[in-house]
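In what follows, a single structure is set out as structure tokens and then discussed.
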Amino acid sequence: MNAHTNGKKEKIALAYSGGLDTSVMIHWLKEKFDAEIVAVTGNLGQTKEIENLEQKALKTGASAFHFVDLREAFVESYIWPSLKAGALYEDIYPMATSLGRPLLAKALVDAALAEGCTTLAHGCTGKGNDQVRFEVTFAALAPQLKVIAPVREWEFKSREEEIAYADLKGIPVAATKKSPYSIDENIWGTSIECGVLENPMTVPPEDAYQRTVAPEQAPDEATQVEIEFEQGVPIGLDGKKMDGLTLIETLNKIGGANGVGRMDLIENRLVGIKSREVYETPAATILHFAHRELERLTLEKTVFQYKRGVSQDYANLIYNGLWFSPMRVALDAFINETQRTVTGLVRVKLFKGNVSVLGRMSPYSLYNEELATYTAADTFNHRAAEGFIHIYGLGLKTYNEVLRKTEPSVSIGADISL
Ligand code: ARG
């Protein structure tokens, strides 16, 4: 396997987080493949483990380190499209982790090509969704590059064995206390699993939560927020225009302080396993809720109802690693067309873990008070309803008439003796 090309060492680009796995991985890959390692870290707005990464990577044996700030691209090209789509996996999960993977994979490919690497490596396990998201993206963007997933093939069975290997090889791994959970975090949310959470009947301990207070501990006073949207994209908070990153960070703080965005989900992984994951997604929860409220006001009925199916398809596609697919691009075209009128304001209330709507308005509002009112201002033509109902119900009426004659015992409604 020791690939020497023109006397030059093989170069492997590794998706690097600075944690134990990828630190040990640098050494393991170097030794096993006699390769040079380019460590690549993408910034998706995670708050942990991004200090001194370059120093850490080089000390652990990498020959080069790339730190790529992906935050703006993540917000503009991944998060906003998913918000416009209303994409919530299995009706709940806003997919912070799932959305980040294709972008990280793309950044890894870009760095690999710039550095002349022949191989890509990542630290995902062999039973999760993330390996699929990474490798499907690699194959779509750079099929010429080889892929290694050390965790699927290396000899270590536990964290202790990895630490023993690090000690033996003199790999400096920071002696940070291991969290009892596996946590993945970015600006759109935190995903928490493993440890005691593996028993689906166990209540998640408070220490599992990273960015929200318990609803019971949240202030007794409700907080109001007004969110402004333009064509489905949030552009301002409480009357102030804001870039996407700042807006999401602000809502994460306000939402987290009110205990908003906690969820506990048994979900269906792509690889056929049901897993239990706890999520914290304050900003995503508030924005999906507010965006939906604005759509209720501004989307024509059939578009609103049809789009629910598209939301599910779009969510499945993201979750299942198919971001770089023609289907996603085609669905974006549909979704963007629906968002032409999703412009306006939504005022929401955050209170002890809940988000509720206080009001909404839009220049494209399809709500017509003169039609809806039950007061004297009413302009709806009540007489027209009679003819409408007659024709609307004609098919049912005819069918039941015939059935009553031909098969009196089985006609629809025959067993309802009211
Ligand atoms: N279940 C989520 C997904 O597939 C998150 C996976 C990573 N979770 C974690 N706690 N490390 O998108």
Side-chain angles (χ1 to χ4, degrees), residues 15-23 25 41-42 44-50 74 78-79 81-83 85 87-105 122-137 149-152 159 162 176 178-200 202 204-205 207-212 261-282 284-285 288 311-324 328:
Y16 174 74
S17 73
L20 177 66
D21 282 346
T22 52
S23 298
M25 214 167 276
T41 303
L44 294 177
Q46 64 272 38
T47 53
K48 303 209 173 91
E49 287 187 336
I50 54 172
F74 189 39
Y78 293 74
I79 291 176
S82 79
L83 178 67
L88 296 170
Y89 185 63
E90 297 186 338
D91 303 326
I92 295 181
Y93 167 42
M95 298 181 293
T97 299
S98 337
L99 276 165
R101 297 307 171 190
L103 178 55
L104 287 172
H122 63 75
C124 306
T125 74
K127 57 198 279 187
N129 299 312
D130 288 331
Q131 54 175 344
V132 183
R133 297 170 184 146
F134 267 123
E135 292 179 35
V136 165
T137 305
V151 178
R152 286 201 300 244
R159 190 176 166 84
E162 285 180 54
T176 49
K178 175 170 165 45
S179 154
Y181 311 104
S182 159
I183 297 174
D184 181 64
E185 175 215 17
N186 65 45
I187 184 181
W188 201 228
T190 305
S191 309
I192 308 140
E193 62 180 346
C194 302
V196 295
L197 302 176
E198 286 179 358
N199 178 345
T202 299
D207 75 348
Y209 295 102
Q210 315 289 311
R211 65 203 296 172
T212 55
R262 288 188 171 191
M263 50 199 88
D264 176 344
L265 179 63
I266 299 291
E267 77 191 39
N268 289 296
R269 281 192 196 160
L270 176 55
V271 296
I273 300 170
K274 277 195 194 290
S275 67
R276 196 265 192 109
E277 188 112 35
V278 170
Y279 296 107
E280 294 176 282
T281 64
T285 297
H288 269 287
S311 299
Q312 285 183 8
D313 291 342
Y314 202 90
N316 286 340
L317 181 154
I318 294 172
Y319 189 87
N320 294 333
L322 303 177
W323 181 262
F324 288 102
R328 199 262 304 163

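For ligands, and for the atoms within them, numbers begin at 1 and follow the listed sequence. Remember, it's a predicted structure, so these values are computed and weren't measured experimentally. We're numbering straight along the sequence, starting at 1.
- Residues Tyr78 and Trp188 keep their aromatic ring centres 6.0 Å or farther apart.
- Ion pairing between a basic and an acidic side chain is recognised when a charged N comes within 4.0 Å of a carboxylate O; Glu193 and Lys127 show no such pairing.
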Ligand 1 polar-atom proximity to protein (N/O, under 3.5 Å):
residue: ligand 1; atom: 1 (N); partner: Glu267; partner atom: OE2; Å: 2.7
residue: ligand 1; atom: 1 (N); partner: Glu277; partner atom: OE1; Å: 2.7
residue: ligand 1; atom: 1 (N); partner: Tyr279; partner atom: OH; Å: 3.1
residue: ligand 1; atom: 4 (O); partner: Asn129; partner atom: ND2; Å: 2.7
residue: ligand 1; atom: 4 (O); partner: Arg133; partner atom: NH1; Å: 3.2
residue: ligand 1; atom: 4 (O); partner: Arg133; partner atom: NH2; Å: 3.0
residue: ligand 1; atom: 8 (N); partner: Glu277; partner atom: OE2; Å: 3.0
residue: ligand 1; atom: 10 (N); partner: Ser182; partner atom: O; Å: 2.8
residue: ligand 1; atom: 10 (N); partner: Ser191; partner atom: O; Å: 3.2
residue: ligand 1; atom: 10 (N); partner: Glu277; partner atom: OE2; Å: 2.8
residue: ligand 1; atom: 11 (N); partner: Ser182; partner atom: OG; Å: 3.0
residue: ligand 1; atom: 12 (O); partner: Tyr93; partner atom: OH; Å: 2.7
residue: ligand 1; atom: 12 (O); partner: Ser98; partner atom: OG; Å: 3.0
residue: ligand 1; atom: 12 (O); partner: Arg133; partner atom: NH1; Å: 3.0
residue: ligand 1; atom: 12 (O); partner: Arg133; partner atom: NH2; Å: 3.0

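- Taking the six-membered ring where tryptophan is involved, the planes of Tyr319 and Tyr89 are essentially parallel, since the angle between them stays under 30° and well short of 60°.
- Arg211 pairs by the salt bridge (Lys or Arg N to Asp or Glu O under 4.0 Å) definition with nothing, not counting sequence neighbours.
- With sequence neighbours left out, Asp264 forms a salt bridge (Lys or Arg N to Asp or Glu O under 4.0 Å) with Arg276.
- Legend: residues meeting salt bridge (Lys or Arg N to Asp or Glu O under 4.0 Å) with Glu277, ordered by chain and number and at least two apart, are absent.
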